[in-house]
Undergrad: 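Below you'll find the structure I mean.
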Amino acid sequence: MTTGTSHEAMAEEIRALAREHDAVILAHNYQRPEVQDVADFTGDSLGLSRQAAATGASVIVFAGVHFMAETAKILAPDKRVLLPEPRAGCPMADMVTGEALAAWKADNPGVPVVTYVNSSAEVKAHSDVCVTSANAVAVVRALGADRILFAPDRNLGSWVARSLPDIDVVLWDGWCPTHDEVTAEQVEAARAAHPRARVMVHPECRPEVVDRADAVLSTSQMIAFAASDSATEFIVVTESGLVHSLRKAAPGKAFFELTPRMLCPNMKLTTLVKVRDALLRDQFAVDVPVDVAARARAAVERMVAIG
Ligand code: CIZ
Ligand code: SF4
């Protein structure tokens, strides 16, 4: 399963199965290149969940991690949502539970709870509003509160706090292991090696890394920025899978990764074989209890309405 030819044969089988089962295949920007290439749509978690809600297909195969498939189910409750690899979770999403968030909220009456979409349905259901890395600053600004609780990513939360100095942002202590381990020295070394490159940094990185960016962007924003900016070289400080999407979106430009490369082991668990098996065996369905889904959907919809 490593050669181009075997990928092509498997991709053909997957496309035929998707037609047969009335399925749409969605792949996150951090997925393996061959999984991105077999998908109908690639994108960030919210963009893909909106595709899930808009599609006419009855089955959604979500190549990503568990919270993303849950978000798709929340926005498309009547569709069957399959996660090809049931072990694909997100350690950051697991750093807060619905129960713990509810207790934090009870300790801070009247303070809005703002939750990153990288969280479980249960956690979203206890939140006032969700945000993505693309809209966190704009949504929090629009809330008009002078104090907020932000979970689970302390790094995205500190980016919001530093962008909006008049708002008191109280941080939950969660982080993404893949983004949090990047150091300022690594970014400086990459810049020294590629002095003409623009540095694009994801806000899940630490503040001292974010401070060394030319642009602080979500994955979908990085794709748009690289395609439209006048620069022809870019240093990409986010999960390595995005480089494949960037090269497709801006084929004439050069994209450099940090050393060591940034990898999310959970994102890499999904393979073409698992996507094929998901379709073949109708596995692994992701369900969200109706009441939890309704409350989580309200937090997501509030974000969409504000942003
Ligand atoms: O929301 C997403 O898809 C994630 C995890 C990253 C991003 O910036 O798009
Ligand atoms: Fe979670 Fe980080 Fe992996 Fe995204 S890259 S799924 S935030 S662990």
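In listed order, ligands and their atoms are each counted from 1.
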Undergrad: Tell me: protein heavy atom nearest atom 5 (C) of ligand 1, and distance?
TA: Asn118 ND2, 3.4 Å
Undergrad: Using a cut-off of 6.0 Å, state whether more than 12 heavy atoms not belonging to Gln283 lie near its atom CD.
TA: yes
Undergrad: Using only atom types and a distance under 3.5 Å, with no angle test, would you say the side chain of Glu70 pairs donor to acceptor with the backbone of Ala121?
TA: yes
Undergrad: Should you measure from each heavy atom of Cys264, which atoms of ligand 2 turn up under 4.0 Å away?
TA: 3 (Fe), 5 (S), 6 (S), 8 (S)
Undergrad: Name the option, out of Leu156, Asp153, Asn118, Thr178, that contains the heavy atom nearest to atom 7 (S) of ligand 2.
TA: Asn118
Undergrad: Taking distance alone, with no angle check, do Ser220 and ligand 1 share an N/O pair under 3.5 Å?
TA: no
Undergrad: Checking a contact table here: which protein heavy atom is nearest atom 4 (C) of ligand 1, and how many Å away?
TA: His28 NE2, 3.6 Å
Undergrad: Closest non-hydrogen protein atom to atom 8 (S) of ligand 2, residue and atom name please, with distance?
TA: Pro91 CD, 3.4 Å
Undergrad: For the 3.5 Å polar cut-off, considering only N or O atoms, please tell me whether Ser45 and ligand 1 meet it.
TA: yes
Undergrad: Any Lys/Arg nitrogen of Arg191 or Asp214 sitting under 4.0 Å from an Asp/Glu carboxylate oxygen of the other?
TA: yes
Undergrad: Stepwise, does the salt bridge (charged side-chain N to carboxylate O under 4.0 Å, His left out) test hold for Asp40 with Arg15?
TA: CA-CA 9 Å; Asp40 295 287; Arg15 296 307 327 159; 3.0 Å; yes
Undergrad: Among all protein heavy atoms, pick out the one at the shortest distance from atom 9 (O) of ligand 1; state its residue, atom name and that distance to 0.1 Å.
TA: Thr219 OG1, 2.5 Å
Undergrad: Considering Ala88, Cys176, Ser133, which one's heavy-atom position lies nearest to atom 2 (Fe) of ligand 2?
TA: Cys176
Undergrad: Give a yes/no verdict on whether any heavy atom in Asn266 is under 4.0 Å from an atom of ligand 2.
TA: no
Undergrad: Between Ser133 and ligand 1, which residue portion shows a heavy-atom distance shorter than 4.0 Å: side chain, backbone, both, or neither?
TA: side chain
Undergrad: Taking Arg247 for the side chain and Phe255 for the main chain, is one N or O donor matched with an acceptor at less than 3.5 Å?
TA: yes
Undergrad: Taking only heavy atoms of Met92 into account, list the atoms of ligand 2 that are under 4.0 Å away from them.
TA: 7 (S)
Undergrad: Strictly distance-based, threshold 3.5 Å: is any side-chain N or O of Asp282 a donor or acceptor partner for the main-chain N or O of Ala278?
TA: no
Undergrad: With rounding to the nearest 0.5 angstrom, report the OG to CE distance, Ser240 to Met267.
TA: 12.5 Å
Undergrad: What I want to find out is whether Glu233 reaches Lys253 closely enough, with some N-O distance under 4.0 Å, to be called a salt bridge.
TA: no
Undergrad: Which atoms from ligand 1 have a heavy atom of His202 less than 4.0 Å away?
TA: 6 (C), 7 (C), 8 (O)
Undergrad: Give me the nearest non-hydrogen protein atom to atom 1 (Fe) of ligand 2 as residue plus atom name, then the distance to 0.1 Å.
TA: Cys90 SG, 2.4 Å
Undergrad: Just to confirm my output: which protein heavy-atom neighbour is closest to atom 4 (Fe) of ligand 2, and how far is it?
TA: Tyr30 CE1, 4.0 Å
Undergrad: What atoms of ligand 1 come within less than 4.0 Å of a heavy atom belonging to Tyr30?
TA: 6 (C)
Undergrad: List every atom of ligand 1 that sits less than 4.0 Å from any heavy atom of Asp44, numbering the atoms from 1 in the order shown and giving each element.
TA: 2 (C), 3 (O), 9 (O)
Undergrad: Closer than 3.5 angstrom, by distance alone: can the side chain of Asp153 be matched with the main-chain N or O of Leu156 as a donor-acceptor pair?
TA: yes
Undergrad: Given the rule that I, L, V, M, F, W and Y join up when any side-chain heavy atoms are under 4.5 Å apart, are Leu279 and Val38 in one cluster?
TA: yes
Undergrad: Could you check whether Lys268 pairs with Glu239 (Lys NZ or Arg NE/NH1/NH2 to Asp/Glu carboxylate O, under 4.0 Å)?
TA: yes
Undergrad: Ser218 heavy atoms, cut-off 4.0 Å: which ligand 1 atoms fall inside?
TA: 8 (O)
